[in-house]
Structure formats: C-alpha cells, structure tokens
Amino acid sequence: QVQLVESGGGLVQPGGSLRLSCAASGSIVSIYAMAWYRQAPGKQRELVARTGGSTIYADSVKGRFTVSRDNAKNTVYLQMNSLKSEDTAVYYCYAYITSDSGPAKNYWGQGTQVTVSS
C-alpha cells in the first residue's frame, strides 16, 4: 500500500509565501514522477508543476513557484512565492509509483487547502 500525505497549506495574504510538502510512504519500489495539481471551486483540476525526467510548470505559476524533490525522503515540495488570490485552490500531490504489489500506478494525496486573501 502506498500513501501520499500532504502538508503546508493554509491562509496567506497576497504577495506572501507558502511551502507545501508531500511524502510518499509504503511499499515503494520506484517513483517515476511527482507533481502538484490544484482545483479551484467550479474549475477543473489543473497541473501546477511536475518533476521527473523534465520539470514542467503551468504558465500561470512560472517564476513564482518552484517544485523540488528529495529522493532519499520520497518527498516533493512546492515553494510558492508572490501568491495571488487566483492561486486559491485545493492542492493535490500526485505520484506515479511502482510498489511491490504490482506495476506502476497513479497515486493522489488527500489535498491541502491554500487560501490567498487579505
């Protein structure tokens, strides 16, 4: 069994910063990619940033957000700077993982709320 556990969300003022963390645990054999998605109310879930092979950012966060990964800890981070109200959303961690129970699968965290408001 593989689990992704996120932390670091909260309420921040416009222009502020937050750092999200997501730790993968369980019977992990290999992690091929880790990413952050977000879903705002009434909108579809969208990719924010992805790491694994190449690093990809949504145009709306380029220059403000940085994704990084600690392979020794099976953890991915999202450093969010210069936050805007439009960044308000539930942020989900994603990983593509091979476990000892079978082939690679998609895994999702439970989500963490980020609210940018004065």
| field | Side chain to side chain, Leu83 and Leu18, heavy atoms closer than 4.5 Å | value | yes

| said: With a 4.0 Å cut-off on N to O distance, would you call Lys62 and Asp59 a salt bridge? | reply: yes

| message | Pair Ser7, Thr112 - check side chain to side chain contact (heavy atoms under 4.5 Å, CB included), show working. | response | CA-CA 7 Å; Ser7 61; Thr112 184; over 6 Å; no

| request: For the residue pair Met34 and Arg50, establish whether any side-chain heavy-atom pair is separated by less than 4.5 Å. | output: no

| field | Nearest heavy-atom neighbours spanning Ala24 and Ile31 | value | CB-CD1, 4.2 Å

| task | For Asn81 and Ser17, test the side chains for any donor-to-acceptor distance below 3.5 angstrom and give the result as yes or no. | result | yes

| query | Do Ser25 and Asn74 have side chains that get closer than 4.5 Å, going by heavy atoms? | reply | no

| task | Look at the side chain of Ser21 and the backbone N and O of Tyr77, then say whether any donor-acceptor pair between them is shorter than 3.5 Å. | result | no

| message | I want to check something: taking the side chain as every heavy atom from C-beta on, are Cys93 and Leu4 in contact at a cut-off of under 4.5 Å? | response | yes

| message | Main chain of Ala58, side chain of Ser60: is a donor-acceptor contact present, judged purely on distance under 3.5 Å? | response | no

| Can you find a heavy atom in the side chain of Val114 that is under 4.5 Å from one in the side chain of Leu20? | yes

| side chain to side chain contact (heavy atoms under 4.5 Å, CB included) evaluation trace for Ser99 with Ile28 | CA-CA 4 Å; Ser99 70; Ile28 296 169; 5.8 Å; no

| Is Tyr96 linked to Trp36 within one hydrophobic cluster, defined over Ile, Leu, Val, Met, Phe, Trp and Tyr using a side-chain heavy-atom separation of less than 4.5 Å? | no

| message | With side chain to side chain contact (heavy atoms under 4.5 Å, CB included) as the test, pick out the partner of Tyr92 among Arg38, Gln110, Arg45. | response | Arg45

| request: Quick one: do Val29 and Ser27 satisfy side chain to side chain contact (heavy atoms under 4.5 Å, CB included)? Show the steps, please. | output: CA-CA 7 Å; Val29 173; Ser27 52; over 6 Å; no

| Whether over 12 other heavy atoms sit under 6.0 Å from Glu86 CD | yes

| task | State whether a side-chain donor-acceptor pair under 3.5 Å links Thr115 with Gln113. | result | yes

| query | Side chains of Glu6 and Trp108: does their closest heavy-atom pair fall under 4.5 Å? | reply | no

| task | In sequence, state the C-alpha distance, the side-chain angles, and the governing distance for Thr55 and Val67, and then conclude on side chain to side chain contact (heavy atoms under 4.5 Å, CB included). | result | CA-CA 8 Å; Thr55 300; Val67 63; 3.6 Å; yes

| query | Between the main-chain N or O of Val48 and the side-chain N or O of Tyr91, is there a donor-acceptor pair closer than 3.5 Å? | reply | no

